[in-house]
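Presented below is the structure to which this report refers.
Letters A, B, ... are given to chains in the order of the sequence lines, protein chains preceding strands, and every chain is numbered from 1.
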Amino acid sequence: MSIEEIFHQYLDSKVFRDREKLLPDYVPEELPHRDEQIVTLAKVLAPALTGSRPSNVFIYGLTGTGKTAVTKYVLRKIREKAQHKVDYVYINCRQNNTSYRVLAELAKHLGVKVPFTGLALGEVMKRLVQGLERHRGIIVVVLDEVDNLVKRNGDDVLYFLTRVNEELTSSKVSVIGITNDLKFTEFLDARVKSSLGEEELVFPPYNAVQLEDILRRRAREALKDGVVDDEVLKKVAAIAARQNGDCRLALDILLKAADIADREGADKITQVHVDKARNEIEKNLAVDIIKTMPLHVKLVLASIYLLSRDNSSRMITTGLIYDKYKELASKLGMEPVTSRRISDIINELDIVGIINARVISLGRYGRTKVVSIGVPLKNVEEGLASDSILKTLFGIG
DNA sequence: CATCCACCGGAACGCCGGGTTT
DNA sequence: AAACCCGGCGTTCCGGTGGATG
């Protein structure tokens with residue numbers, strides 16, 4: 001296909017009206033099924049309109065429950081309403097995962113100059129105080145995925161942000177912390193915990209019906225009319241509902257399915273496209289997990305892979321795996337780990353969903369774990385084959 | 001019904017690499 | 001540079017166990 005053709009096909013899409021509306025960071029005009037959270041958050045933040053400092057808020061919820069979208073949504077509204085007297089800064093702590101970067105990000109927003117490295121943290125804080133003071137108004141600092149920051153760097157930034165008001169006269173700062181780790185507060189200093197947790201907000205997962213509704217609305221914005229049927233949306237919703245009601249996943253599947261349909265030049269998104277999309281997403285997930293596993297874990301997985309490929313009749317048990325594993329290890333000329341460790345590795349693989357393991361009893365012949373591979377063999381193959389050592393030695397892939 | 005297999009899985013500990021503090 | 005802390009991997013030791021089998 002020539003470049004011209006590619007461009008032409010893209011411009012001439014039969015599927016998309018506005019593809020951007022399906023991207024993960026798009027915040028729609030309406031957020032259905034989050035009314036309660038919107039109202040609560042709005043109530044908490046409303047005092048900002050009259051110039052008093054809103055309480056700090058802590059927001060919990062699993063991935064894809066609308067935490068970020070709702071927060072941005074409410075803050076945008078309030079900023080419009082208050083014209084310049086209220087502002088907010090959104091900082092994602094996964095991307096900015098050190099104290100310094102978070103503070104620098106905040107500084108940038110306030111127009112304070114800080115070098116991207118080199119200053120002592122205390123100096124950055126000093127400049128920030130000045131910057132905040134100059135701002136003259138209320139500033140809401142949103143720290144998304146804040147658990148990433150705290151687990152890595154401690155809570156000194158949070159401490160600073162919750163205490164900085166004492167040094168300010170013409171400005172006020174509130175903090176919104178967002179996390180999907182429910183037991184995250186354990187990592188916090190008691191003082192930070194109490195000042196940050198002035199208000200708490202929990203986002204429950206969406207159910208299948210709600211997901212379908214969201215998908216339908218989004219499809220109207222992003223796709224051309226009649227491109228996707230209710231049946232198809234229902235299917236996507238059902239899949240995501242099973243994954244803890246993860247709306248991001250639902251939208252992701254829909255986007256992928258639309259992309260696939262578009263590439264095929266189809267004018268409708270079908271169940272087949274959805275299946276392909278899901279496979280692709282799952283495959284990427286599995287392959288990524290496998291790629292990043294430590295060598296011995298890979299070896300164990302390779303053993304399971306070989307066993308399930310070669311003798312399909314036999315049950316795959318821990319003992320069998322261990323024997324195979326030792327064989328592979330010796331071929332590589334490396335010391336095998338103990339069977340005890342293998343037991344743990346099998347459990348680890350089970351937890352991430354690459355394999356399924358369950359203990360059974362064979363009476364006289366003992367008690368063991370029966371293992372089967374839980375993702376398509378091809379994916380395992382692809383993940384393992386990315387390791388040059390395994391690839392050359394066992395001819396996988 | 002007791003036995004006994006082939007593992008399970010908890011506990012405690014050592015080692016190692018890295019990051020931080022002094 | 002030295003001391004220190006931390007988390008992950010791995011080991012040793014070992015008590016525990018479901019149920020087919022004799």
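The side-chain tip of Arg341(A) does not point at the ring of Tyr322(A) from less than 6.0 angstrom away and within 45° of straight on.
Separating the NE2 atom of His296(A) from the C1' atom of dG8(C) is a distance of 14 Å, rounded to the nearest angstrom. Atom CG in Leu295(A) sits about 14 Å away from atom C1' in dG10(C), given to the nearest Å. Across the protein-nucleic acid pair, Ile342(A) atom CD1 and dT12(C) atom P stand 13 Å apart, rounded to whole Å. Here dT17(C) presents its C1' atom at 14 Å from CD1 of Ile360(A), a figure rounded to the nearest Å. Arg341(A) has its CZ atom 18 Å from the P atom of dC13(C), to the nearest Å.
Salt bridge status for Asp230(A) with Lys234(A): absent, with no side-chain N to carboxylate O gap under 4.0 Å. Lys108(A) has a carboxylate O that lies under 4.0 Å from a charged side-chain N of Glu105(A), or vice versa, which qualifies the two as a salt bridge. A salt bridge links Asp275(A) and Lys235(A); the closest N-O separation between the charged side-chain nitrogens and carboxylate oxygens is under 4.0 Å.
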- Nucleotide by nucleotide, 5' to 3', does protein get under 4.0 Å of the base (B), only the sugar-phosphate (S), or neither (-) in nucleotides 4-12 of chain B, counting heavy atoms? SBBSSBB--
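Side-chain atoms of Thr292(A) come within 3.5 Å of backbone atoms of Asp288(A) as a donor-acceptor pair (strictly under, hydrogens ignored).
The one candidate from Lys14(A), Arg17(A), Arg220(A) that meets the salt bridge (Lys or Arg N to Asp or Glu O under 4.0 Å) condition with Asp225(A) is Arg17(A).
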